[in-house]
Student: 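Take this structure, written in structure tokens, and hold onto it; I'll ask about it next.
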Amino acid sequence: DAANRDAQESRGLGDVYKRQDEYITNSTLTFTNCTQSVIVKKTELSGSKSIYIPSNGALSSPPSENYAFGTGDFTIEAWIRPAVNTTSQTLFDFRRLSATQGLRIIQDAQAIKVYNGTTLMVSSGNVVTTTGQWMHIAAVRSSNITQLYVNGAQLGGNYTDNNDYIYAGLYVGQDFNGATNWTGHMDNVVVKKGVGDYTTGFQVPSQVDYNQANIVFGLDGEAPFLISTEEVYAKYSGQRSSSVTSKTIDYENLAIIAED
């Protein structure tokens with residue numbers, strides 16, 4: 001299994017990677033009932049769309065070494081617009097085989113909380129006091145200290161985090177068992193491996209450069225979900241035969257160009 005996983009060499013990107021006006025895809029992102037919204041968009045953010053995740057919706061990225069943070073630094077940040085603030089809902093879940101092991105970020109009624117499995121590390125307290133309002137959240141580990149930021153302000157103190165976060169997938173808007181779904185809008189989602197961007201309060205970003213080398217997952221509302229979250233150079237499928245893969249998308253002429 002390790003050899004197969006290592007056969008994938010990829011550089012993390014946003015939900016779209018553009019080069020010479022061509023969109024390149026080998027999509028590994030799965031979505032259910034999620035849509036692009038041109039109605040709800042935080043005006044200060046770049047672009048004109050956001051991502052709507054309904055109560056029966058979610059997105060997921062398959063298990064990858066990209067999400068094996070080990071004992072190193074990481075940054076997970078996003079703009080969110082919760083539609084519900086009365087139940088426990090999953091924002092991001094990096095667990096794979098065990099409920100008790102793996103990084104996860106949830107909205108527990110009005111609080112944003114960061115867990116390792118079932119162990120609470122940091123809680124914001126009640127910050128989602130009103131639904132339908134945009135807020136920026138960031139969970140960061142730097143030098144074995146995990147912190148939580150809401151709208152650029154640190155909440156919940158410092159947590160000494162020596163956990164080893166192992167090979168896993170990423171679930172957005174639901175947990176790894178397909179439950180505790182989150183409802184609302186998201187935008188400018190970023191996961192970085194090996195770097196903790198924030199160690200003190202900061203001015204929240206209005207746009208993301210998805211070409212940064214440490215990004216292993218990114219998502220915004222500007223491109224179709226057909227586009228991959230990764231640029232994949234080689235991925236071992238376990239089969240010797242090839243399959244047709246979409247290489248470029250011509251939006252002007254409404255054409256998809258595929259190669260075998």
Side-chain angles (χ1 to χ4, degrees), residues 8-19 21-32 34-37 41-42 44-53 57-69 72-81 90-94 103-105 114 134-141 149 152 165 168-174 182 184-198 202 204-233 235 246 249:
Q8 175 173 308
E9 178 189 2
S10 62
R11 180 167 65 87
L13 300 165
D15 64 333
V16 60
Y17 177 69
K18 190 173 184 180
R19 175 187 293 155
D21 297 324
E22 292 185 346
Y23 290 90
I24 304 171
T25 180
N26 189 351
S27 186
T28 58
L29 180 67
T30 301
F31 73 96
T32 303
C34 298
T35 56
Q36 292 169 287
S37 174
K41 174 75 178 185
K42 184 171 176 59
E44 292 85 353
L45 301 184
S46 61
S48 59
K49 305 179 184 71
S50 64
I51 300 159
Y52 177 60
I53 304 177
L59 300 103
S60 64
S61 181
S64 168
E65 294 294 346
N66 286 335
Y67 310 129
F69 301 125
D73 297 347
F74 59 76
T75 301
I76 301 157
E77 64 180 311
W79 282 92
I80 65 171
R81 184 179 184 270
T90 298
L91 289 161
F92 305 100
D93 195 347
F94 294 87
L103 185 67
R104 66 188 181 107
I105 304 169
V114 182
W134 283 101
M135 64 176 57
H136 182 272
I137 62 171
V140 181
R141 179 166 70 178
Y149 294 87
Y165 297 110
L170 168 58
Y171 298 86
V172 181
Q174 68 176 13
W182 183 82
H185 293 78
M186 282 191 183
D187 208 355
N188 290 15
V189 179
V190 180
V191 178
K192 293 183 179 180
K193 179 180 180 179
V195 59
D197 275 349
Y198 311 117
F202 59 94
V204 294
S206 61
Q207 59 184 357
V208 178
D209 177 7
Y210 283 111
N211 291 312
Q212 296 177 65
N214 292 102
I215 295 179
V216 295
F217 180 88
L219 191 68
D220 66 22
E222 301 309 310
F225 291 122
L226 172 64
I227 303 303
S228 176
T229 57
E230 294 177 342
E231 180 184 5
V232 178
Y233 297 103
K235 182 175 181 179
S246 175
I249 300 177

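Only heavy atoms go into these numbers, but all of them, side chains included; no hydrogens, no water, no symmetry mates. The structure displayed is predicted, hence computed values, not measured ones.
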Student: Kindly compute the distance separating CG (Leu170) from CG (Leu59), expressed to the nearest 0.5 Å.
Tutor: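 Between Leu170 CG and Leu59 CG, I get 9.0 Å after rounding to 0.5 Å.
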Student: State which residues pass side-chain hydrogen bond (donor to acceptor under 3.5 Å, both in side chains) with Tyr171; sequence neighbours excluded, sorted by chain then number.
Tutor: none
Student: Taking the side chain as everything from C-beta on, heavy atoms only, tell me whether Leu91 gets closer than 4.5 Å to Ile137.
Tutor: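 Result yes, sub-4.5 Å side-chain heavy-atom pair found.
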Student: Can you see which heavy atom on Ile215 is nearest to which on Phe217, and at what distance?
Tutor: CG2-O, 3.4 Å
Student: For side-chain contact (heavy atoms from CB on, under 4.5 Å), just list the numbers for Ile51 and Val172, CA-CA rounded to whole Å, side-chain angles, deciding distance to a tenth of an Å, and then say yes or no.
Tutor: CA-CA 11 Å; Ile51 300 159; Val172 181; over 6 Å; no
Student: Nearest 0.5 Å, what's the CD1-CE distance between Ile53 and Met186?
Tutor: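 Going from CD1 on Ile53 over to CE on Met186, the span is 4.5 Å.
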Student: I'd like to check the salt bridge (charged side-chain N to carboxylate O under 4.0 Å, His left out) partners of Asp73; sequence neighbours left out, ordered by chain and number.
Tutor: none
Student: Nearest heavy-atom pair of Trp182 and Thr90: which atoms, and what distance?
Tutor: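 Closest pair (atom of Trp182, atom of Thr90, distance): CB-O, 3.2 Å.
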Student: Roughly how far apart are Phe94 CZ and Tyr67 OH, rounded to 0.5 Å?
Tutor: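 That separation rounds to 7.0 Å.
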Student: How many angstroms lie between atom NZ of Lys193 and atom CG of Asn66, to the nearest 0.5 angstrom?
Tutor: 6.5 Å
Student: Donor-acceptor pair, Arg141 side chain versus Gly196 backbone, under 3.5 Å?
Tutor: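 No, because the side chain of Arg141 does not come within donor-acceptor range (under 3.5 Å) of the backbone of Gly196.
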Student: Looking at residues at least two apart in the chain, or sitting in another chain, which of them share a side-chain contact (heavy atoms from CB on, under 4.5 Å) with Ala139?
Tutor: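 With sequence neighbours excluded, Ala139 shows a side-chain contact (heavy atoms from CB on, under 4.5 Å) to Ile105, Val114, given in chain and number order.
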Student: Kindly indicate, with the supporting measurements, whether the criterion side-chain contact (heavy atoms from CB on, under 4.5 Å) is fulfilled by Val191 and Phe74.
Tutor: CA-CA 7 Å; Val191 178; Phe74 59 76; over 6 Å; no
Student: Does Val204 have any side-chain contact (heavy atoms from CB on, under 4.5 Å) partners at least two apart in sequence or in another chain, and if so, which?
Tutor: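 Result, side-chain contact (heavy atoms from CB on, under 4.5 Å) vs Val204: Trp79, His136, Phe202.
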Student: What pairs with Lys192 under salt bridge (charged side-chain N to carboxylate O under 4.0 Å, His left out), at least two apart in sequence or on another chain?
Tutor: Asp197
Student: Could you state the interatomic distance from CD1 (Ile80) to CZ (Phe92), rounded to the nearest 0.5 Å?
Tutor: 7.5 Å
Student: Checking Asp187 against Arg81 for the side-chain contact (heavy atoms from CB on, under 4.5 Å) test, could you report, in this order, the C-alpha distance in whole Å, the side-chain angles of both residues, the deciding distance, and whether it holds?
Tutor: CA-CA 9 Å; Asp187 208 355; Arg81 184 179 184 270; over 6 Å; no
Student: Just by modelled atom types, is the Ala78 backbone N or O under 3.5 Å from a matching donor or acceptor in the Asn188 side chain?
Tutor: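 No, because the side chain of Asn188 does not come within donor-acceptor range (under 3.5 Å) of the backbone of Ala78.
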Student: Take Trp134 and Ser50 through the side-chain contact (heavy atoms from CB on, under 4.5 Å) test and state the conclusion after the steps.
Tutor: CA-CA 11 Å; Trp134 283 101; Ser50 64; 3.9 Å; yes
